Structures are given as structure tokens and as C-alpha cells.
Amino acid sequence: MNRNRKDIIIESLTGISVLLIIFIIVSILAITIKGGWPNLTWKFLSEFPRDGMTKGGIFPAIVGTAFMTLIMTIAAVPFGVITALYLAEYAKENSVFAKTIRFAVKTLAVVPSIIFGLFGLGFFIGFIGQNMDKIFNGGVLKWGQPSILWASLTMALLTLPVVIVSVEEAIRTIPVEMREASLALGATKWQTIKRVVLPGSVTGILTGTILAISRGAGEVAPILFTGAAYYLADLPHSLSDQFMSLGYHIYIMSTQSSNVDATLPIQFATTLVLLLLTFSLNAVAVVLRYRIRQKAK
Amino acid sequence: MENLKVRAINLSLFYGDNQALKNISLDIPEKRVTALIGPSGCGKSTFLRTLNRMNDLIDNVRIEGEVLIDGVNIYDRDIDVVNLRKKIGMIFQKSNPFAKSVYENIAFGPRINGITQKSRLDEIVEFSLKQAAIWDEMQGRLHNSALSLSGGQQQRICIARSLAVNPEIILMDEPASALDPISTGKIEELIHDLKQKYTIIIVTHNMQQAARTSDLTAFFYLGELVEINKTEIIFSNPGKKQTEDYISGRFG
Amino acid sequence: MNNSGEPGKISFATKKFRFSDWFAERFIKVVAFMSIAFVALIFIFVFREAFPVFRMDVIQKVGSENLVQERYGEEPLTPATANPVSGSDIKVSKPSSTLLARVWMPVSDNPRYGLIPLFLGTLKVTLIALLFAAPIAILAAIYTSMFAKPRIREVIKPVIELLAGFPSVVIGFFALMVLATVFQDIFGYASRLNSFVGGFAMSLAAIPVIYTITEDALTAVPKTYIEASLGLGASRRQTAFNVVLPAAAPGIFAAVILGLGRIFGETMIALMATGNAALTSINPFESVRTLSATIGAEMAEVVFGDTHYSVLFLIGSLLFIFTFILNAVSEFYFKNLVIRRYQSKK
């Protein structure tokens with residue numbers, strides 16, 4: 001009897017924890033939707049901010065986020081895919097080199113995102129950018145300052161482990177029989193990778209890309225001082241321009257705005273846009289990954 | 001009388017400390033079917049995979065001794081494994097067509113050999129499918145996915161695929177073990193036709209199949225070659241007690 | 001190659017050089033190596049920018065205060081009392097000598113870069129966050145792997161993992177707009193944004209990390225253990241807590257460590273929900289300023305290369321070293337599950 005009651009209490013406690021987490025998730029969603037939905041109009045999505053950012057839309061932030069994640073993807077995905085290829089196809093499990101790479105990838109995955117921001121500032125802007133200015137620009141400031149290029153590359157570094165892990169997982173689901181079939185036909189290792197392994201991991205590469213985009217679109221800390229701008233009257237036209245981003249927009253509107261209360265609808269609607277974006281991307285990734293795992297069975 | 005195609009000399013294979021093949025020496029003649037039989041785990045598949053160096057893919061494998069193909073030791077340091085494998089087709093226990101169309105499966109080999117001309121590829125695909133006696137079934141569905149075919153058809157597609165690179169030797173690792181009797185019959189018929197042109201080495205645990213298809217039979221047991229002889233002799237009058245026990249079904 | 005007649009003769013007796021294979025292998029290896037290079041570059045460039053702190057001289061106007069006294073002084077200085085009385089003495093001192101001060105006042109006539117309040121603040125928030133996140137996440141993982149029916153389990157897992165997909169700026173916004181008000185109504189404290197609100201919000205970021213890895217660790221415990229325990233007449237609760245939990249302990253430990261790393265380095269939530277005042281107080285309802293939030297808030301306004309800039313990089317270096325150590329520790333405890341599962345969020 002006593003034992004039973006203890007069982008029930010403790011079991012309930014574990015169940016309550018699950019409910020609590022779900023309650024919080026639902027609350028965040030519900031409150032964001034309630035606060036943001038009324039303002040989520042086509043005009044809001046397609047207009048520039050007006051009147052000192054107290055009115056108007058978030059068009060430049062959407063475009064900026066899109067450009068930034070695009071450049072980030074171009075940089076991170078090839079790197080991630082190739083590194084995953086190395087780990088899955090070339091590396092011997094016990095080699096020191098492969099182990100070091102794995103440790104490095106894990107380190108990249110756990111380093112706080114603000115550190116990437118510092119790195120972007122110190123390396124891309126302070127080192128690469130300023131030297132580019134010295135060499136190509138006669139010392140005129142162009143690349144040695146925050147820009148969409150440096151922000152995207154910083155973000156690419158942060159999302160690299162996401163791509164590597166997804167793609168490696170997908171590559172490993174390709175049956176060894178497929179590789180053997182190709183090699184037995186006299187294909188070289190590279191031909192086998194190009195014609196069998198890579199086509200077979202397309203879904204995995206897509207999953208990794210989507211997860212990386214979702215991650216990159218939501219992160220703010222790495223771009224705080226590598227390229228995100230408070231307000232711009234124009235869209236970025238070149239890689240050396242700064243850009244507006246959804247996440248940064250939420251941050252500044254809710255903490256630095258001259259009149260936080262008046263812009264609440266804008267803040268909620270922006271948050272809703274970002275949440276919908278990352279959410280739908282994650283959902284697609286979950287489905288794709290589920291399909292990869294089913295196929296592997 | 002017969003030309004020697006493959007010759008293993010004192011071949012041993014180790015997985016780490018575990019010796020899987022013990023001092024195997026045997027000769028395989030050209031344009032004949034040689035069957036490798038024995039209970040599972042006896043090393044017959046491992047031996048087969050040493051002939052096209054498929055075991056290279058596994059870490060921790062060490063090989064001693066020699067395998068001569070056309071008189072050249074394929075374990076020499078200067079051997080080109082890729083070209084070696086072009087010369088030796090392999091059919092696996094589980095049919096493994098690529099997730100591509102029938103046409104692309106067959107064209108895979110020629111393509112990696114640099115053939116891009118459409119008419120030439122068409123020709124090779126047709127020729128290979130005909131040789132594998134599956135052209136009539138496939139003619140209208142060349143662009144269907146190979147994975148949509150039945151198990152028996154998939155296996156014959158795999159055979160056609162290996163023929164498309166013009167091998168001299170074909171290794172078959174229990175090619176019909178997963179197939180129904182009718183598909184098995186077709187594969188066996190095919191083996192019979194193919195030996196006009198190719199040297200075939202087939203691993204099987206099905207003794208009737210060995211008896212029906214092969215000219216020579218080698219019996220493996222616990223990593224050793226017990227004996228090799230003409231098939232009719234192995235099955236009627238084996239030289240060793242172990243062979244007799246096995247083929248009469250007393251173990252394995 | 002001829003396919004119409006007899007099999008073609010290919011020579012395999014000599015090794016052929018194939019450029020594309022040779023190149024591909026080297027290229028792939030070099031690119032893979034870049035991951036190591038990136039980590040090294042992060043190390044080098046974050047430290048490089050931090051290093052001048054220890055060499056730089058800074059000109060300070062020193063008033064009635066004495067720096068040495070301040071470093072060892074007992075009473076905590078709040079920003080209001082720390083304002084120096086302007087004096088006539090001009091003293092040249094090293095900013096590094098103020099790192100152990102109790103005051104973080106980088107922008108003043110007499111700038112002081114005392115990291116202690118930032119450390120204490122970070123510690124406080126981290127502790128609060130972990131106190132929420134660890135029990136909730138571990139209990140939820142126990143429910144998922146031990147008590148839930150398979151069908152329910154299939155739903156719970158992805159739903160909780162959804163939380164990992166929430167950008168931290170969204171969680172920060174939620175804390176700022178909703179949690180702060182709700183908690184203020186409940187507890188009636190004075191400053192709306194404080195380490196309690198911030199800590200709770202950060203726990204939301206850490207929960208999916210701890211939950212996922214713990215759940216994996218619990219699921220990895222062999223079924224035979226569970227069956228043996230149940231077969232001996234133990235209840236599911238007893239089995240879960242006396243058999244499965246101890247067997248999965250290293251994994252759970254690694255999960256908590258990674259959760260800790262996630263909280264420790266979290267920037268946006270700290271910036272938005274903790275109030276950002278560098279106070280040293282143990283009251284959870286007071287504002288704090290964390291290490292990472294300090295970087296986030298101040299880096300955009302510093303002069304490239306000056307002392308303040310370098311000190312912020314020094315803070316970054318410390319954060320980096322700390323997460324690096326945490327990673328190495330969790331790695332040591334729980335190798336494989338981590339790389340497989342820890343992929344969505346920091």
C-alpha cells in the first residue's frame with residue numbers, strides 16, 4: 001500500500017514534468033500567436049519600418065535574414081558535406097586525425113554563440129577585412145567593418161556542426177552493399193562517392209541544410225557586432241553592406257526602443273514570423289530525418 | 001587441356017588475431033564453373049572476396065600467400081585494384097541494384113569507364129541484358145527503377161550490370177540464396193550459358209545447385225580447403241571423409 | 001573497351017595514377033582538417049584580442065579611492081557609490097590590475113574592469129537555471145523512457161525537442177514580456193528583470209539538451225536489466241530509480257554538463273531577461289549581469305582595440321576555456337550519444 005502510493009506520487013511527478021514542459025511550449029506559442037497574429041499582414045511583411053521604427057513593417061529584416069542565411073548556407077553546406085564525407089568514408093575510426101576532427105566538431109557545437117561573434121569580429125573583420133582593405137583598397141575602410149558577408153561566415157561556422165552531424169548520419173545509412181557493388185564494378189573510391197554515396201545522401205544533406213538555416217535564422221549573438229544593423233533605409237546591395245535581421249530586430253525593439261509599449265504589436269508579430277520560420281523549417285527537417293531513418297531499417 | 005585462370009598459393013587470411021583462411025592452395029580453370037561449398041563460416045565467401053580484393057575494405061584484415069590471376073599475383077604491391085576489379089565481376093548474396101533505373105544500373109560500369117556516347121551505352125545495355133537473358137522482360141521498362149523489380153529480376157540485373165564492364169571472371173556469392181525456385185532455375189540456366197565466355201566461381205550452400213551448375217567443386221571446412229575435384233567425383237566418390245559427411249547431409 | 005565479342009583485356013599489373021581520386025582524397029582531408037583549424041583559429045583570435053589587457057597601460061584619474069583598497073575592500077560597491085570623485089592626480093596603471101575589483105565600470109573616468117560581479121552574476125543565474133532545468137528535464141526523460149506508452153512516447157519526444165528549435169531571442173522575448181510580469185505578480189519583487197526570471201528562461205534553453213541526452217542514456221540501458229528487475233517483483237518506479245537511473249548515470253551527468261554549458265554561454269536570454277546590472281548580491285530577485293551578456297551589450301559600443309575591447313575578449317576567452325573544459329568532461333563521460341544527439345541547439 002505504502003509502496004504503491006510512493007510509486008504513484010513519483011510517477012506523477014515525472015508526468016507532471018512532461019506536462020510542464022509542454023505547457024511552456026504551448027504558452028510561448030499561444031502568447032506569440034495571440035500577440036502577433038493581428039498585426040501579421042501582407043503590408044507588415046512587405047513594408048519598411050517607418051516613423052523611427054514605431055510603425056511599418058519588417059521587410060528589410062526578412063530580406064536581410066534570407067540573404068544572410070543564403071550566404072551562410074553556401075559557405076557551411078559544402079564544408080559540412082565534405083567533412084562528413086571524410087568522417088564517414090575516408091577516416092579510419094581509430095586514427096588520431098579523425099578523432100581530433102570529431103572533437104573539434106563537437107567543440108564547435110558547444111562553444112557559446114557569442115564567442116563566434118567575438119571570433120567574427122577579431123578574425124573576419126579585424127584580421128581578414130582590415131588586411132583586405134590595406135591590400136586592395138589602399139587603406140580605405142570597406143571590408144574591415146561589420147557586414148553581411150562577415151556575419152554570414154560567422155554564422156556558417158556556428159552551423160557547420162549541424163550540417164556535419166546530419167550528413168554523416170545520412171551517409172552512414174547507405175548500405176555497404178551499395179558501395180561494394182560500385183567498387184566491384186571497378187569504380188574508384190571517388191567515383192563510388194560521387195555516383196553512389198552522394199546521390200544517396202541527398203535527403204540527409206537537405207535535412208542538414210534546413211536545420212542549419214533554421215538555426216542560423218534564429219541566432220542573434222553571433223551577428224550582434226559582425227554585421228546586423230539597427231535600422232537601414234535600404235536593402236543590402238553588396239557583401240560589404242550591413243543588414244537587418246529578424247532576431248536582432250526583436251532584440252532591439254524590445255530592449256532599446258524609445259517606446260517599447262507602443263511597438264509591442266510589431267515586436268510580437270516579428271517574433272511570430274521568426275518562430276513560424278524556424279518552426280516550419282524544423283518540422284520539415286524532422287519529417288526528412290524520419291524518412292531517412294525508416295529507409296535505413 | 002584447360003587454361004589456368006586463378007591460382008591461390010598458400011593463402012591465409014586473418015581478421016585481427018583470428019585466422020579465417022588457412023593455407024589455401026587451389027587452381028581454377030578458365031571458362032568453367034567452380035563451386036565453393038561448405039558449412040557457413042567455413043571461409044568460402046571470405047575466400048571468394050580475396051579474389052577481387054573486396055576484403056581490402058575491411059579494417060584489420062591481413063593476408064598472406066598469393067593469388068595469381070593470369071599468372072600475376074594480385075596481392076603484389078604494384079597491383080591496380082581498380083583495374084583488377086574491372087576484370088572480375090561480382091554478384092552478391094543479396095541483390096544490390098542501385099536506386100536508379102534499370103538502364104542506369106547497367107550503364108554504371110561503362111560510364112565510370114568514360115563511355116558517354118548515348119548510342120554506345122544503349123548498345124552495351126542491350127547486349128548485357130541479352131547476355132543476362134533478361135532483355136525481353138526489361139525492354140519496355142528500362143527506365144523504371146531497378147528497385148521496383150522482383151528479387152530474381154534484380155539479381156539478373158546485377159549480373160547484367162557486371163557483364164557490362166566486360167569481366168573475365170565472375171564471382172558469385174550465393175547468388176540465389178534469397179530467391180524462389182523459379183528464379184533460382186533461371187539464374188542456374190544463366191550460369192550455364194555464361195561459362196562459354198567467362199570463368200565463374202560460385203559460392204553456394206545448396207549442394208544440388210553445386211552439382212547442377214559446376215564443373216569443379218571445392219569443399220571448405222573451418223577455413224581450410226578439404227578437397228577440390230571434378231564435381232561428379234566430389235558428389236559420387238569424394239576423397240575425404242569430411243566431404244562425404246557434408247554432402248550426405250550429416251552436418252552443416 | 002569492346003563489348004560485343006570476347007572479354008576485353010585490361011592490365012592490372014601496374015598501378016595506375018588517377019588524378020581525380022588522388023585529388024579528391026587530399027582535398028576532402030584538407031577540408032575536414034579545417035574543422036580543427038577553425039577551433040584553433042577561434043582560440044588564437046579570441047585570445048589574441050584579449051592579450052593586450054596584460055600589457056596595456058591606461059591613464060586613470062585617481063581620486064580619493066585607492067585601487068588596492070578597492071580590490072580587497074569588504075563592502076560591495078554599487079555603481080552609484082563607485083563613481084570616483086574627480087581628483088587632480090593622474091595615475092598610469094594597468095587595466096589588468098583592476099580585473100579582480102568588485103566593480104564592473106568600464107565606461108567612466110576611472111574605468112575598472114572587475115570581473116567578480118560578472119562571475120558571481122553568471123554563477124547565480126546558471127545555478128538557478130540548472131535547478132529548474134535538470135530536475136524537470138531528467139524527470140521528463142524518465143517518464144518518456146520508462147512510464148509512457150510507446151504511442152505517447154512517439155509524440156512527447158518530438159514535441160519536447162521542438163523547444164530546442166525556439167531561437168533564444170524568442171525565449172528571451174517571452175521572458176521579458178510575459179515571465180517577468182507573471183513572476184513579479186507572484187513574488188512581488190522590485191526589479192522586474194532579475195536573475196530568477198533570467199535563470200528560469202535559460203532553463204527553457206537547457207531543458208531540451210538535458211532531456212534528449214538523458215532520454216538516450218536511459219533508453220540505452222539494456223532491456224534485460226529492466227526485465228530482471230521487474231521479474232524480481234520491483235515496481236516500475238523502483239526499477240526506474242534503482243536500476244535504470246544508476247546504469248545511465250554517466251550519460252545523465254554528461255547531459256547536465258552540456259546543459260550547464262548551454263546556460264553558461266547563453267547570451268540573448270541573459271541580455272533580455274536578467275536586468276544587466278552588475279550587482280553582487282545573493283538575492284535571486286536582484287538584477288545581474290552575466291559574462292556573455294556583458295560582451296553582447298558592450299562590444300558594439302567599444303573602440304576597436306582599446307582596453308575595454310580587450311577586456312571583453314578576455315571574458316570571451318574565459319567563456320571559451322570553460323565550455324571547452326565542460327565539453328571535454330562530458331566527452332569523457334559519454335562519448336557517443338553526444339555527437340549523435342547534440343545537434344540542434346547550444
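Note that these values count all heavy atoms, side chains included, but never hydrogens, waters or copies made by symmetry. Per chain, numbering begins at 1; letters A, B, ... match sequence-line order. In this text the structure is predicted, and so the values were computed from the model without any measurement.
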Quiz item: C/I160 versus chain A, heavy atoms under 4.5 Å apart: side chain, backbone, both or neither?
Solution: both
Quiz item: Above 12 or not: heavy atoms from other molecules or residues under 6.0 Å from CZ of A/F23?
Solution: no
Quiz prompt | Close side-chain approach of C/M272 and A/S254, heavy atoms under 4.5 Å | solution = yes
Quiz prompt | Residue selection (most heavy-atom pairs with chain A, distance under 4.5 Å) from C/G296, C/A300, C/A137 | solution = C/G296
Quiz prompt | Sidechain-backbone polar pair: C/D21 side chain, A/W190 backbone, donor-acceptor under 3.5 Å | solution = yes
Exercise. Would you name the heavy atoms of C/P167 and A/G218 that are closest together and state the gap between them?
Key: CB-O, 3.5 Å
Practice problem: For chain C, find which of A/T159, A/L281, A/N282, A/I115 contributes the most heavy-atom pairs closer than 4.5 angstrom. | Solution: A/I115
Quiz item: So which part of C/M177 gets closer than 4.5 Å to some heavy atom of chain A, the side chain, the backbone, both or neither?
Solution: side chain
Quiz item: Roughly how far, to the nearest 0.5 Å, is the CD1 atom of A/I21 from the CD1 atom of C/I207?
Solution: 5.0 Å
Exercise. Quick one: which of A/K194, A/M253, A/Q267 has the most heavy-atom pairs under 4.5 Å with chain C, could you say?
Key: A/Q267
Practice problem: Side-chain contact test, heavy atoms from C-beta onward, threshold under 4.5 Å: evaluate it for A/L121 versus C/F304 and give yes or no. | Solution: yes
Quiz item: Hey, which of A/L20, A/T278, A/I22, A/I101 has the most heavy atom pairs under 4.5 Å with chain C?
Solution: A/I101
Quiz item: Should A/F97 and C/F33 count as side-chain neighbours, where that means a heavy-atom distance under 4.5 Å?
Solution: yes
Quiz item: Does any non-hydrogen side-chain atom of C/M268 lie less than 4.5 Å from one of A/L224?
Solution: yes
Self-check item: Straight-line distance of C/R237 CZ to A/K6 NZ, nearest 0.5 Å
Solution: 4.5 Å
Quiz prompt | Close aromatic pair by centroid cut-off 6.0 Å: A/F116 and C/F38 | solution = no
Quiz item: Is there side-chain contact between A/Y248 and C/V169, with at least one heavy-atom pair below 4.5 Å?
Solution: no
Quiz item: Would you call C/I138 and A/T14 a side-chain contact if the rule is heavy atoms closer than 4.5 Å?
Solution: no
Quiz item: Does the side chain of C/E25 come within less than 4.5 Å of A/K189's, by heavy atoms?
Solution: no
Exercise. Look up atom CG in C/L204 and atom CD1 in A/I24, then write down how far apart they are to the nearest 0.5 Å.
Key: 5.0 Å
Exercise. Starting at CG of A/L118, measure out to CD1 of C/I315 and round the result to the nearest 0.5 Å.
Key: 9.5 Å
Quiz prompt | Heavy-atom pair count under 4.5 Å with chain C, highest-scoring of A/I16, A/I31, A/I28, A/T100 | solution = A/I28
Quiz item: Say you draw a straight line from CG of A/L29 to CG of C/L162; how long is it, rounded to the nearest 0.5 Å?
Solution: 8.0 Å
Self-check item: Proximal component of C/V178, with respect to chain A [non-hydrogen, under 4.5 Å]
Solution: side chain
Exercise. Compute the ring centroids of C/F173 and A/F268, then answer whether they are less than 6.0 Å apart.
Key: yes
Quiz item: Where does C/F320 contact chain A at under 4.5 Å (heavy atoms): side chain, backbone, both or neither?
Solution: both
Quiz item: Under 6.0 Å between the ring centres of A/F103 and C/F324?
Solution: yes
Quiz prompt | Mutual orientation of the aromatic rings belonging to A/F279 and C/F166 [parallel < 30°, tilted 30-60°, perpendicular > 60°] | solution = perpendicular
Quiz item: Going by heavy atoms in the side chains, are A/I164 and C/S35 under 4.5 Å from each other?
Solution: yes
Quiz item: Pick from A/T255, A/L19, A/I193, A/I25: which one has the most heavy-atom pairs with chain C under 4.5 Å?
Solution: A/I25
Quiz item: What part of C/F200 lies closer than 4.5 angstrom to a heavy atom of chain A: side chain, backbone, both or neither?
Solution: side chain
